[in-house]
Amino acid sequence: MKSFEVAAHDFDLALTLDSGQTFHWEKEGPGFVGAIGERAVNVEQRGNVLHVREVEPSSSGSQRAALPGIIARYFALDHPLAEICASLPDDPTMQAAVGYCRGLRIMRQPRWECLATFITSSMKQVAHIRQISFVLRKRFGTRHGIRGAQVDIFPSAGKLGGLTEKDLRDCGLGYRAKNLLATAERVASGEADLESWRALPDDDLRAKLCALPGVGPKVANCVMLFAYERLRAFPIDVWIERVLLQKYFSPRRRLTARQLQEFTAKHFGENGGYAQQYLFHHARKTTPRRLSPRVR
DNA sequence: CTCCAGGGATGAT
DNA sequence: ATCATCCATGGA
């Protein structure tokens, strides 16, 4: 089994994979198994080096691109993390989160998988989003590996678009099934061309995404941030809303979603997506659920 | 058991 | 434009 190394400075693999960006990586001994697009891999971090083994598909076919470059791109090892952190605002809340999230990078995920999993994320805890991803991959994905660690690759839009709403409801999606199916059909037909949307400016891209069933401002911003390299995108979920209202405004002040988005754009700036991810992860990992202050 | 989760679509003000 | 309500499911 061939293995290779990838240099990774200012990077924390476990922290990054546990930060709620991606939902399919699983701990396997000292490393993690998962997939990057169609490539299934086992990745273990030792210091500043990633040790990578590929989990071969049962029928390996055509020529394949070099994996080291794919790894580096997926984990965004080229992001100038020190520069990005230095660009974040110098307020106490932000700096506490920055200190807590050293080595956390915003990954570059495949567009369809990212879009699909965040459609399933609405009103779901991270643990259950992972469960839904698991069942979708198990039932409808393509399997790599014969024995030992198996990896099931996330099903394509064509695959999911060919299913019925009941097939998806049976995976625990609830009311999200209809939306995922409808969006999968649009992507599969080419009516929604996720790849070509790369070229669009932020506002146009967000509008395209929000026109898809099951996609509103929050999910659109997640997909922009995690799959389109739009580091300004600032998704506001219940956690982030709590942090913003509690730490950046007075507790019982009323703000519209629009006002909140305007504030984040101005205060957190060009790397707002990193700010958001650090605030999110810090809050989620350090706030005891019972003691979490209730807003509203 | 209850409470709530990386929200969105819809219809009423 | 903003708000209320509903939508399914399961982790904690």
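Labels below follow one simple rule: chain letters A, B, ... track the order of the sequence lines, proteins then strands, and each chain is numbered from 1. These figures come from a predicted structure and were not determined experimentally.
- None of A:Q277, A:H282, A:R105 except one satisfies the side chain to side chain donor-acceptor pair (under 3.5 Å) rule with A:S19; the exception is A:Q277.
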### Task
Evaluate side chain to side chain donor-acceptor pair (under 3.5 Å) for A:S122 paired with A:Y175, printing each intermediate quantity in order.
CA-CA 10 Å; A:S122 103; A:Y175 63 86; 2.9 Å; yes
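- Residue order along DNA chain B, read from the 5' end via each residue's closest nucleotide, puts A:K218 first among A:L212 and A:K218.
- Between A:D170 and A:K166, at least one side-chain N (NZ, or NE/NH1/NH2) sits under 4.0 Å from a carboxylate O, which counts as a salt bridge.
- Separating the CG atom of A:L181 from the P atom of B:dA9 is a distance of 15 Å, rounded to the nearest angstrom.
- Of the charged side-chain nitrogens involved, none lies within less than 4.0 Å of a carboxylate oxygen, so that A:E262 and A:K266 do not count as a salt-bridged pair.
- Atom CD of A:E262 is separated from atom C1' of C:dA1 by 13 Å (rounded to the nearest Å).
- Comparing C:dA8 with B:dG11, their P atoms are spaced 15 Å from each other, to the whole Å.
- By the 30° and 60° cut-offs, the orientation of the rings of A:F268 relative to A:Y248 is perpendicular.
- Across A:R232, A:K208, A:R230, a single residue satisfies salt bridge (charged side-chain N to carboxylate O under 4.0 Å, His left out) together with A:D202, and that is A:R230.
- The residues A:D152 and A:K138 are annotated as salt-bridged, a charged nitrogen and a carboxylate oxygen being separated by less than 4.0 angstrom.
- The nearest whole Å value for the distance from the CH2 atom in A:W239 to the C1' atom in B:dC4 is 10 Å.
- For the side-chain contact (heavy atoms from CB on, under 4.5 Å) with A:Y274, the qualifying choice from A:L225, A:L279, A:I84, A:V98 is A:I84, the only one to do so.
- Taking all atoms of both residues into account, the shortest heavy-atom contact from A:R111 to A:A227 is NH1-O, 2.5 Å.
- Contact annotation for A:T22: no contact, since no heavy-atom pair falls under 4.0 Å across all strands.
- Among the protein residues, A:G214 comes within range of the sugar-phosphate backbone only, with heavy atoms under 4.0 Å from sugar or phosphate atoms but none that close to a base.
- Residue A:R258 places no side-chain N or O under 4.0 Å from the OP1 or OP2 atom of C:dC3.
- Spacing of P atoms, B:dG8 relative to C:dG11, comes out at 23 Å, to the nearest Å.
- Across all strands shown, A:Q259 has no heavy atoms under 4.0 Å from either base or sugar-phosphate atoms.
- Contact annotation: A:R284 side-chain N/O to B:dA5 OP1/OP2 distance is not under 4.0 Å.
- Per the geometry, CZ belonging to A:F118 stands 16 Å off P belonging to B:dA5, to the nearest Å.
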Give me, pair by pair, the N or O atoms of the protein and of nucleotides 5-9 of chain C that are less than 3.5 Å apart, along with how far apart they are.
residue, atom, partner, partner atom, Å
C:dA8, OP1, A:R169, NH2, 2.8
C:dA8, O4', A:Y175, N, 3.4
C:dA8, N1, A:R176, NH2, 3.4
C:dA8, N3, A:R176, NH2, 3.3
C:dT9, O2, A:K124, NZ, 2.4

### Query
What dot-bracket string describes DNA chain C from 5' to 3', counting Watson-Crick and G-U wobble pairs whose defining distances are under 3.5 Å, with [ ] for crossing pairs and | for pairs to another strand?
|||||||.||||
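- Atom CD of A:Q131 is separated from atom P of C:dA12 by 11 Å (rounded to the nearest Å).
- Looking at A:R73 and A:E229, a side-chain N of the basic residue comes within less than 4.0 Å of a carboxylate O on the acidic one, giving a salt bridge.
- Residue contacts for A:R130: at a heavy-atom cut-off of 4.0 Å it reaches no nucleic acid atom on any strand shown.
- A:R258 places no side-chain N or O within donor-acceptor distance of the main-chain N or O of A:T256, the cut-off being under 3.5 Å.
- Of the residues in residues 219-235 of chain A, those lying under 4.0 Å from DNA chain B by heavy-atom distance are A:V219, A:F226, A:P235.
- Remark on DNA chain B: of its neighbouring residues A:V215 and A:Q21, the 5'-side contact belongs to A:Q21, judged by nearest-heavy-atom nucleotide.
- Between A:R108 and A:D78, at least one side-chain N (NZ, or NE/NH1/NH2) sits under 4.0 Å from a carboxylate O, which counts as a salt bridge.
- Atoms CG (A:L209) and P (B:dA9) sit 12 Å apart, rounded to a whole Å.
- Nucleic acid contact class of A:I119 (heavy atoms, under 4.0 Å, all strands): none.
- Remark: P of B:dG7 and CD of A:Q261 are 14 Å apart, rounded to the nearest angstrom.
- To the nearest angstrom, P of B:dG8 lies 12 Å from CD of A:E241.
- Of all the heavy atoms in A:L104 and A:Y278, the pair that sits closest is O-OH, 2.7 Å.
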